[in-house]
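Per chain, numbering begins at 1; letters A, B, ... match sequence-line order.
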Amino acid sequence: MDVTPILDGLNKAQREAVTADNQALLVLAGAGSGKTRVLVHRIAWLIATENISPHAIMAVTFTNKASHEMKNRVESLLGRSASSMWIGTFHGLAHRLLRAHARDAELPDTFQILDSDDQLRVIKRVMREMNLDDNEWPPKQAQWFINKQKDEGKRPKDIQHNGDLFISTHTKVYHAYQQACATGGLVDFAELLLKAFELLRDNQHLREHYQERFLHLLVDEFQDTNGIQYAWLRLISASNCGITIVGDDDQSIYGWRGAKIENIQRFDREFSDAKTIRLEQNYRSTGTILKAANAVIANNQERMGKNLWTDDSEGEPISLYAAFNEQEEARFMAARIADWHQQGNAYSECAILYRSNAQSRVIEEFLLQRQIPYRIYGGLKFFERAEVKDTLAYLRLMYNNQDDAAFERVVNTPPRGLGQKSVEKVREMARIDQSTLWEAAQKIVAESALTPKATAALSGFIELVKLGYEEFHPLPLSEQIQLTIESTNLMEMYAKEKGEKALARKENLAELASAAREFDVEDYPDLSPMTAFLAHASLEAGDTQAEQYEDCVQMMTLHSAKGLEFPLVFIAGMEEKLFPHMMSMEEADKLEEERRLAYVGITRAMKKLYLLYAEKRRLWGKETYPAVSRFIREIPAQLKEEVRLNSQLSQPVFAGESESAQGANGFNLGQFVEHPKFGVGVILNYEGEGAQARVQVNFDSVGAKWLVLAYAKLEAC
DNA sequence: ACGTCTACCGTTTTT
DNA sequence: CGGTAGACGT
C-alpha cells in the first residue's frame, strides 16, 4: 500500500512518532502541535504498514467529542470504516466491556447508568435512611468521598479509618450506597471504571482474551488519567501490547478531580523500553503568544520540560487592559469585538475566557447591550435537563423495575397525590422487606396500606408504568418516547408552566423524540435499542443547547477552552485571588495547576490575545481592589503593551520592569509591600512626587489605603 | 400540594 | 449581590 498520504505533511517529530516501532511510546505534545494528527496517523500507519488488524486496536480518549473526531479522521484517512476498532472514551469502553460480560461483572443485564445528579439523589436517600444530619454530613461531601475512593480503586473494605469519624462515617455511606445501587441495578460513572477494572483483574480467562486481542493501545490526554484508569490500561496491555500515550503535562488542569500527572512519569518508569518524543512545533499561534506562554509556564517546577516554537511571524503584542471595574472590562471587550466584526471578521472566531462562571454575567449584559450574539458553554446539557430526565426515568423504570432512582424521581411527577409521607411508607416497606421500591409499592397496593386516595394513586402509577412497557416496547424508539411523554402527562405538566422556560421545556421534549429517531444503534452493538439509547443518554449528555449555527462570540471557562483555538482571545479577570483563584494560591501544587490553566488559556489564541483585569471588582456584593495577576507579571515586558489611553488613575503595570522606568518612588504598581501595622498589601496607585508622594496600597488586612510615602515605612517584599 | 419566604453559599466539571 | 434548596405557612 502507498503510505504517502499517511506520512505526507508531517514534520520530523510527528513522523518519528507515527512510525516508531517501540513497544511503549510517550508523545509529549505541546499545545497546537498536532497531537490528534499523530494519533490518527499512527493508527493508520499500524494498519497499513504493520498489518495490524483494526480489530486489535484500542484507542481511548476522555471526551466523546475527541473520540468522535478520532474515529472520523481515521476513517477518512484510511478510506474505510473504523467500526471494528475499539475507539471510545474510558467510560464508553468500560461500559461496553461490562455490557458484554454483565454476568461476570455481577451486574443485571438491565443495569442502568447513574449520572452525577442521579448519584447524589441516591446518596441523599441512603444518608437519610442512616439518620445522618445533612448539615453535619453534606451529601455532596459523601459523593466526593465515594468517587475519590473509586478513582483510587478502593472498596469500603479497603478503607482504613483508624478511628477517624469522617472516614468511617463516609465509608459506611459508601457501603450502604453500593447496596442501594446493587438492588437497583445502578452503576455510576466511577463505578463503570472500577467494575471494568475488577472484571479483568479477577477473571483470568477474560483478561487473557482481551490481552491477546489488543495488540495496540493508544491513549489521548494521558495527563488526565486517574489511578483506576491507569490500572485498567496496565491490565489490558500485556507484554505483547504496543502502547502509545499522548499528553502534555503542562496542560494538566484536572488534578482536583483525581487526574494524576505523575502517571506520565510512572509510565516512563513502568514500561521499560518507553521512548519519549516531544512535539514542540506549534501550528496555531504567533511567536509572541508562544513566548508569553513559555515564559509563564517556565515558572513551574514540576515539569517534564518543553518549549514551543513556530515558523509563524511574531505577530501583534499581547494587549493588557486595566479596567476600572468589571463593567468597564466587559464594555471594553464588547467594543473590541464590535470593531473586529466591523472589519469583516466572524464573531465565532473570538472567545472570551474566564476563570469562573460567575464572571460571565456582566459580560453578557454588555454584549447584549451592543447586540453582539454570543454563546455560553457550560450549564446543563441536553440530557441533564429536568424534563428530559423525567421522561428517561419513566423509560428506565419501564425497562427495569428495580431502578429505585428512577422510581423516586417520577413516583409523584407529575403530582398525583403521593406526598412525602406516602412515599416514605413505600421506602419503609422496601427497607423492611429488603426489596426494591417497585416491589414494596405493589405490596402496599395489594394490602391497601395507605389512605384510599394514596393507594389509588400509587396503583395508578404502577399501572401506568406496566402498561407503558407492554404497549410501547414493540414500537420504534421515538414512538415509545413520544407516547411516554403523552401518557405520563409530562407534556401537560410542563405546558402549564408559564414563561419562556416552559416553551423551552416543551421544545426539549419534542427534541427528545427526534433525538431518538436519529439515534444510531450501531454504536452499541448487542444492546436492545432502548437500553442503548438510555446508556447513550447517560454517557453522552449531549451539547449544551444553543444555536450553534448562528455566528456568535464564544464564552467559556478556561477549563472548557482546552483543546479549542480562536484567532481572537480575551482572558478576563486576570487578578490575584480570581486567577490564580483564592482557593488555589496557598499550596504550591495547586498554584502550579492554576499556572497551567493560564498556559492553556494563552495558547488558545492564534493571532491576538487580550488580557484584562479590573482595579475594582464587586465580588459577592463586596468591593474588592484586586492586584494584577502574577501571570501577567510573568510575561516579559517586550511582549505586551498597555492599551489604556487615559492613565491618570493608573500607570502601566509593567512600567517598572526595566530599570529606567522605575516608578517615581521606587515602587511599582502591582508590587507587594509590607507595612509595620497593616501587614502585606499590593500597590494599586501612586501620585505626587518628593515629600508629597503618596501611594495607594491594598492591604490584605484592612483593604485599600492612601499612604504618604515619607511617613509610611513600606518595605518591598 | 402548592406557593412564598428565608437561610445559606459562592472555583474549575471530560464521564 | 443573586441563585437555590429546603422550610414553612396556607
Within the 4.0 Å heavy-atom criterion, would you say [X] contacts the bases, only the backbone, or no part of the nucleic acid?
X      : result
A/N64  : sugar-phosphate
A/F90  : nothing
A/S560 : sugar-phosphate
A/S538 : nothing
A/Q359 : nothing

Only counting residues at least two apart or in another chain, list the ones meeting salt bridge (Lys or Arg N to Asp or Glu O under 4.0 Å) with [X].
X      : result
A/K260 : none
A/R355 : A/E594
A/R361 : none
A/K140 : none

Side-chain ion pair, A/D248 and A/K35, N-O less than 4.0 Å: no

A/E623 bridged to A/R618 by N-O distance under 4.0 Å: yes

For atom [atom1] of [X] and atom [atom2] of [N], their distance in whole Å:
X      : N      : atom1 : atom2 : value
A/H68  : B/dT15 : NE2   : P     : 10 Å
A/L380 : B/dT13 : CG    : C1'   : 13 Å
A/E594 : B/dT11 : CD    : P     : 12 Å
A/I376 : B/dT13 : CD1   : P     : 12 Å
A/L619 : B/dG10 : CG    : C1'   : 9 Å
A/L558 : B/dT13 : CG    : C1'   : 14 Å
A/I253 : B/dT13 : CD1   : P     : 9 Å
A/E593 : B/dT12 : CD    : P     : 14 Å

Quick one: which of [options] gets closest to the side chain of [X]?
X      : options                : value
A/H91  : B/dT13, B/dT15, B/dT11 : B/dT15
A/S356 : B/dT13, B/dT15, B/dT11 : B/dT11
A/F189 : B/dT12, B/dT15, B/dT11 : B/dT15

A/M583, CE: over 12 other non-hydrogen atoms inside 6.0 angstrom: no

For every nucleotide of nucleotides 1-7 of chain C, 5' to 3': is a protein heavy atom under 4.0 Å from its base (B), only from its sugar-phosphate (S), or from neither (-)? BSS--S-

State yes or no: are the ring centers of A/Y174 and A/H170 separated by less than 6.0 Å? no

Quick one: is B/dT15 close enough that its OP1 or OP2 comes under 4.0 Å of any side-chain N or O from A/K381? yes

Between A/F267 and A/N263, is there a side-chain heavy-atom distance shorter than 4.5 Å? no

Residues A/W256, A/Y254; criterion ring pair (Phe, Tyr, Trp, His ring centres under 6.0 Å); working and verdict: CA-CA 5 Å; A/W256 52 276; A/Y254 287 110; 5.8 Å; yes

Pi stacking test for A/H559 and B/dT12: under 5.5 Å apart, planes under 30°: no

Does B/dT12 have A/W256 stacked on its base, where the ring centres are within less than 5.5 Å and the planes differ by under 30°? yes

Output one line per pair: protein atom, nucleotide atom from nucleotides 1-9 of chain B, and distance, for all N/O pairs under 3.5 Å.
unit_1, atom_1, unit_2, atom_2, d
B/dA1, OP1, A/G417, N, 3.2

